[in-house]
Amino acid sequence: MRVSNLFGLTLRELPADVDIASHQLLLRAGYVRQLAAGIFSLLPLAQRSMRKIEHILRQEIDAIGGQEVSMPVVHPAEIWQKSGRWDDIDDTMARFVDRRGRDMLLAMTHEEVVGELCVSEINSYRQMPALVYQLQTKFRDEPRARGGLIRVREFVMKDSYSLDTDNAGLHEQYKAHYTAYFRIGARVSLPLLAVRSDTGMMGGKVAHEFMYEAPIGEDNLAICDSCGYSANREVAEFVKPEAPGAEAAELSKVETPDAKTIEDLCTLLKIGPEGIAKTVFLAAEGGDGPATLVLAVVRGDMDVNIVAVRNHLKAADVRAAHEEEIVACGAVPGYGSPIGIDRSKAVVLVDELVASSSNLVLGANDFGFHYLNGNHGRDFEGDQVLALAGAFEGAGCVNCGNPLRMTRGVEVGNIFKLGTRYSESMGARFTDEAGQEQPIVMGSYGIGVGRLLACVAEEHHDERGLVLPMSIAPFQVCLVSLARKEPAKEVAAEIYQELQAAGVEVLFDDRDVSAGIKMTEADLRGIPLRLVVSERSIKNGGAELKARTAADGEIIPRDEVVGTIQRRIAEELDALRQAADQSPLWTEGDDG
RNA sequence: CGGGGCGUAGCUCAGCCUGGUAGAGCGCACGGUUCGGGUCCGUGAGGCCGGAGGUUCGAAUCCUCUCGCCCCGACCA
């Protein structure tokens, strides 16, 4: 490809409202353009990179037995009604009515279609294990898209679906994906971390997310650097500190004007946040009825883990309660607690540490007042005592007791053991060896292709632009001609022909613009190798080859140019493959 | 969905408070200049000031509504 023909411009200046490095660079370098919130066009550079990523994904999933299929983006509502998700999922699902009045939707994921295919294609245990996958568009109308390609509404996902006769078979495919995902990360030079995760709306029991650790990440992760325990904060376990034992003192009500926050209370009462029981008002939704008010009580120095609440209550959704909902049970916002509220109108969940602590400060449900010396079991009682608090920096690792580190990550991929969640609802059954009908045991495994590219851009860039790995760069080498006249111009054109003939993916900057522009743009685009041909380079003996990551280039003799470049490309690709071969194997318990 | 911000030329922005003939830089076209890190000079094209309504002799500017985009939070199969 000649730069003079390349569709898509580089930008000198950025749209003002872009603040993530990967997004800035992908825009500036002419990879992507935004059409609407969370909806992007891929220009040729990005499309070429995406094709390469997709190729790697195909190779790795094929290697664990995958067969590629392609399932529709538009689904009839019926199959989602069958699985139950038509009603469970909120406006994140884009729905429409076709001309015949039939309810339709845009696919968010494809478990339902796989289920339908199983009904029609799988009859016998002899047909399993099986693994199908696709690279297909998903649409999720997120309430808020952000971060450029990191969180979008329309995106291509590699999604695979394993089909097995039993849990042991599922576990084998789960393990295979676990390693394949690390291999994929290695091949695109993106460090990944597998963390235990919530199963959320996907259902099922066991799940891991593959995270790229980065400050721009939207997920909070708890990592133990000592033993390797890692989990999404939503499901992270940790060892609670011991509650200081103390004789229960008498409950007393004190005036605490303008002390609506934990911080205010600490200052006013001269205590630490660990002496306070914090009550968080939540609303659990699910089904058609009104939301259930939930009082979640944790110690003042900790946060409520919303996912723990959702999972405990089996609610479809848990959100912060509105003021009217709080007042309805007799509680006073800012001075709230379970003491004295109408218990018939609320569910009270208490963290186990609060339950074992004594003499805590709680809201008095009276404007401007708190109680001192509140004790669980005497002054208030939860409908349920459970692990409600989310992990925090320095909390004890549940495995080894060492302090956990909290960090942020971008979820690049995930793997779920679905079990029979979909096969049962969709009626996807097979006949086993004993002639009995059984539900198929499923797993589902996703990787966001565009998000992967964005993460690689985030990981690999410098002040001059992108620095893409050889495996997914849109071109392997950028041939920059700084030749002003013949014969140097002809030499550049010849080298371009030779590289192309040798199968090298080369971007030829043949434009009649200043050297500075060509160099700056070559750096910005992040192409791994740069070959400069000019009067000067020819006088010096050939062409100058420089890696994007190197400070200086070297002169390559004219007749060794193609061979040298081919060798460099092969070396870099080999290094990435070798890194992939070092990928971790599953080490956790056999049942996950 | 709650809070905040922004919509003016292809891009980045000024002008708005205090209403009176729509601006700059970059990019683009043309001419010259320069030639190994976004050269320099000149000429030119390019805008229904997001949309609708209102106030006014007169609206980019003031008011109302609306649409879009961004950020924080909530949410996220």
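Computed from heavy atoms alone, side chains included, the values below leave out hydrogens, waters and symmetry copies. Lettering follows sequence order; numbering is per chain, from 1.
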Hey, is the main chain of A:Ala36 close enough, under 3.5 Å, to the side chain of A:Gln34 for a donor-acceptor pair?
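Yes; judged by distance alone, with no hydrogens or angles, the pair exists.
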
Check: A:Ile39 main-chain N/O paired with A:Glu154 side-chain donor or acceptor under 3.5 Å
no

List, with names and distances, any nitrogen or oxygen atoms from the protein found under 3.5 Å away from nitrogen or oxygen atoms belonging to nucleotides 3-8 of chain B.
none

Taking NZ, NE, NH1 and NH2 as the nitrogens, is one of them in A:Glu13 or A:Arg28 under 4.0 Å from a carboxylate oxygen of the other?
no

Going by an N to O cut-off under 4.0 Å, is there a salt bridge joining A:Asp512 and A:Lys518?
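No salt bridge links A:Asp512 with A:Lys518.
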
Selected nucleotide, minimal atom distance to A:Ile306 side chain, candidates B:G38, B:C75, B:C70:
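Closest of the options to the side chain of A:Ile306: B:C75.
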
Please determine, for the side chain of A:Ser537, which listed nucleotide (B:C69, B:G36, B:G38) has the closest atom?
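Closest nucleotide among those given: B:G36.
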
C1'-based separation of B:A59 from B:G19 [nearest Å]:
6 Å

Taking atom C1' in both B:A22 and B:U64, compute the distance separating them and give it to the nearest angstrom.
25 Å

Give [X] one of three labels, base, sugar-phosphate or nothing, depending on what nucleic acid heavy atoms sit under 4.0 Å from its own.
X	value
A:Glu544	base
A:Val513	nothing
A:Arg28	base

Can you tell me the Watson-Crick or wobble partner of [N], both distances under 3.5 angstrom?
N	value
B:G73	B:C1
B:C16	none
B:C28	B:G44

Going by side-chain hydrogen bond (donor to acceptor under 3.5 Å, both in side chains), name the pairs with one or both residues in residues 2-11 of chain A, residues two or more places apart or in two chains.
A:Arg2-A:Asp510, A:Ser4-A:Asp510, A:Thr10-A:Glu521

Is there a salt bridge (charged side-chain N to carboxylate O under 4.0 Å, His left out) between A:Glu325 and A:Arg319? Walk through the geometry before answering.
CA-CA 12 Å; A:Glu325 292 168 327; A:Arg319 56 167 170 81; 2.9 Å; yes

For the side chain of A:Arg511 and the base of B:G38, is some donor closer than 3.5 Å to an acceptor across the two?
no

Is the A:His177-A:Phe416 ring centre distance short of 6.0 angstrom?
no

Under 4.0 Å, heavy atom to any atom of RNA chain B: which of residues 477-490 of chain A qualify?
A:Leu482, A:Arg484

Nucleic acid contacts - residues 211-220 of chain A versus RNA chain B, non-hydrogen atoms under 4.0 Å:
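Of all residues in residues 211-220 of chain A, none places a heavy atom under 4.0 Å from RNA chain B.
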
Return a table of donor-acceptor pairs under 3.5 angstrom between the side chains of residues 209-217 of chain A and protein atoms on other chains or two or more places apart.
residue	atom	partner	partner atom	Å
A:Glu209	OE1	A:Asn232	ND2	2.7
A:Tyr212	OH	A:Glu459	N	3.4
A:Tyr212	OH	A:Glu459	OE1	2.7
A:Glu213	OE2	A:Arg405	NH1	2.8
A:Glu213	OE2	A:Thr407	OG1	2.8

Is the phosphate of B:U39 approached by A:Ser514 (side-chain N or O, under 4.0 Å from OP1 or OP2)?
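Answer is yes, contact under 4.0 Å.
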
Let me have a per-nucleotide readout for nucleotides 24-30 of chain B, 5' to 3', with B, S or -, counting only protein heavy atoms under 4.0 Å.
-BSS---

Check whether any side-chain heavy atom of A:Leu193 lies under 4.5 Å from a side-chain heavy atom of A:Val195, and answer yes or no.
yes

